[in-house]
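Everything on this sheet refers to the single structure shown next.
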Amino acid sequence: MQSNGSQGEVYYPSETIVANANIHDYDALHQEAVADLAGFWDRIAREEFEWFEEWETTLDDSEAPFYKWFVGAKTNIVHNALDRHMNTWRQNKVALIWEGEDGEVRTYTYRQLQREVNRFASVLRALGVVKGDRVTIYMGRIPEIIVAMLACAKLGAVHSVVYGGFSTEALRERIDDSHSKILVTADGAWLRGQTVNLKDIADEALMRCPGIQNVIVVRRTGQDVHMESGRDLWYHEMMNLPIATTDIQTEVMDAEDPLFILYTSGTTGKPKAILHTHGGYMVGTATTLKWVFDLKDTDVWWCAAAPGWITGHSYIVYAPLINGATSMMYEGAPTHPFPDRWWQIVEEHGVTVLYTAPTAIRGLMRFGETWPNRRDLSSLRLLGSVGEPINPEAWKWYYRVIGKEKAPIMDTWWQTETGNFMITPLPVTPLKPGSATKGFPGVVVDVVDEEGEPVPPNEEGYLVIKTPWPAMLRTIYGDPDRYVEAYWSRFPGWYMPGDSAKKDEDGYIWIIGRIDDVIKVSGYRLGTAEIESALVSHPDVTEAAVVGVPDELKGNVIHAFCILQQGKDPSRELEMEVKEHVGHEMGPIAKPAVVEFVDSLPKTRSGKIMRRVLRAQVMGEPVGDLSTLAD
Ligand code: PRX
């Protein structure tokens, strides 16, 4: 149902949606949660999860912003994601349906998945992995990435997944920073009918960082790879050894023990290792998925993200399994070999909820309605969006063409740091295309000015979160000062995500974008500093600056400015070479769309590059105040 009120178009949920909703009264629940935040989460944690020992304190804010949740409790997220289902009928339920780009389909029941995880945990244990060790995982979208993550968590080891689209230097930096001793990777990955040479990239990265003792290699593409004797081991061979036993205990963890680190881009410098824990993250991710997508045992849930980003960690791996859901995972590109590949998957596997990014929607929109219309999409009852603001045009196409005007779109705003959905509708929430609506129950969000005062309706300001939540990051691994500085210092007591936003008269939040040096390309989060250091690692480039420029399809693209070594002349070939170099060091997503050679860069007197001036120049806009410009 749709109406045109003073706020523009509002879409109301159908009777069926309302009847099926897990949560009916958002306002009441939100008020209950805000009135007694600890009590609210205490109740949910008791009702929905299994603990080896209960907590003494639900929320300890005595050392804020180092908040602690479920203090003193013992659990393991894998106990809740796998082990506990073995005592129920769900042990024989399908946990994962995986489809390869080549059309191969594999399914795992909860029992099968648990056995695979147990065996791989035994292999890791035999290689000396113990509680607290870091393990880097670098793979494509294959079931073994899930197995590897869960096997680490089962042992109490901390996984650090590096997105399979990243390349040599990005991988090297993340392995080094985490001090991992094991790397789990694959020979290659399939993408658009081509192989991505993951093992070759890993070998090159490992030449630059010697700390890794063993590399475990999953065979996926079957391509020839170098296997370093004494260091590299095949996954399938290890899994066939007697050491790969299913007889292994799930480690008893403190609720506050680290579960994983995941690197993300920040304002300056190297990527930040965001740290999440077993207890709070488990409670937060599972509850948000259950409520926002009305998850039921009859669902086939498809989060189309890559497992190597937070979206995949939370909503491919942990939350669906904890909820005992059936999840779909697809290996390849949405349009390979035909533009209806995704719609074919929805039809064949009866997907009921699809969760993806606006950039994917826009990409599929380009092929027109005929492709989705050829397929039976009637199983879809809810849709989701994440990663960047969704433009109303894409929203409406998704709603009309894919959801057939019966599947509301849950536009979920959140971050690597938040662990779970923060600003999001529930299925019963009236929707406005382009707005992520309101805080999840218990999450108090606001839009404020420089002084921290709420801005008037429809004016832009800083997005802030005024309440703690269980799945919040606990720190930046190895750099607690940076944690305080990056998120809690601008407005003491409040979490600052780094986004700007507006709030309308109805209290709906409209996210505008990042206010820092983070660039979102196709929903992927990249930092200017990392791309710039990849640029200057090219022998002909001495200095570089990059800015994000709006793009209809990708949200933003990267525009790079480079100063060349004396004696080097700009040329089309050099431009291509520099782009390729960034692809090789950082990964294809970080490749600049444009490399422009310049003689100088605008800087402040203290030497800081004024990216604002560069961006204005690219966009043909006024450059604004130049009083701090050095030259
Ligand atoms: O700018 C916001 C944007 O993505 C950033 C977080 O990126 P990352 O940590 O990679 O996590 C992405 C997936 C959870 C945010 O600071 N963002 C995320 N979701 C939305 C969004 N912007 C607008 N609308 C959203 N729904």
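First listed ligand is number 1; within each ligand, the first listed atom is number 1. One-based numbering along the sequence shown. Hydrogens, waters and symmetry mates are skipped; everything else that's a heavy atom, side chains included, is used.
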* Considering the options I609, D516, I558, D517, which one meets the side chain to side chain contact (heavy atoms under 4.5 Å, CB included) requirement together with T528? ->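 Answer to the side chain to side chain contact (heavy atoms under 4.5 Å, CB included) test with T528 among I609, D516, I558, D517: D517.
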
Side-chain donor/acceptor pairs under 3.5 Å, residues 138-150, sequence neighbours excluded:
unit_1: Y138; atom_1: OH; unit_2: F166; atom_2: O; d: 2.7
unit_1: R141; atom_1: NH1; unit_2: A304; atom_2: O; d: 2.9
unit_1: R141; atom_1: NH1; unit_2: A305; atom_2: O; d: 3.4
unit_1: E144; atom_1: OE2; unit_2: R106; atom_2: NH1; d: 3.3

* With sequence neighbours left out, what residues match S167 under side chain to side chain contact (heavy atoms under 4.5 Å, CB included)? -> I201

* With a cut-off of under 6.0 Å to the ring centre and 45° to the axis, is R490 in cation-pi contact with Y462? ->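 Yes, cation above the ring, under 6.0 Å and within 45°.
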
* **Residues E169, K270: salt bridge by 4.0 Å N-O rule** =>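 No, E169 and K270 are not salt-bridged.
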
* **Those protein residues which place at least one heavy atom below 4.0 Å from ligand 1** =>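 Residue list for ligand 1: I310, T311, V386, G387, E388, P389, D411, T412, W413, W414, Q415, T416, D499, I511, R514, K520, R525.
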
* **Partners meeting ring-ring contact (aromatic ring centres under 6.0 Å, His included) with F40 (sequence neighbours left out)** =>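 By the ring-ring contact (aromatic ring centres under 6.0 Å, His included) rule, F40 matches no residue at all.
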
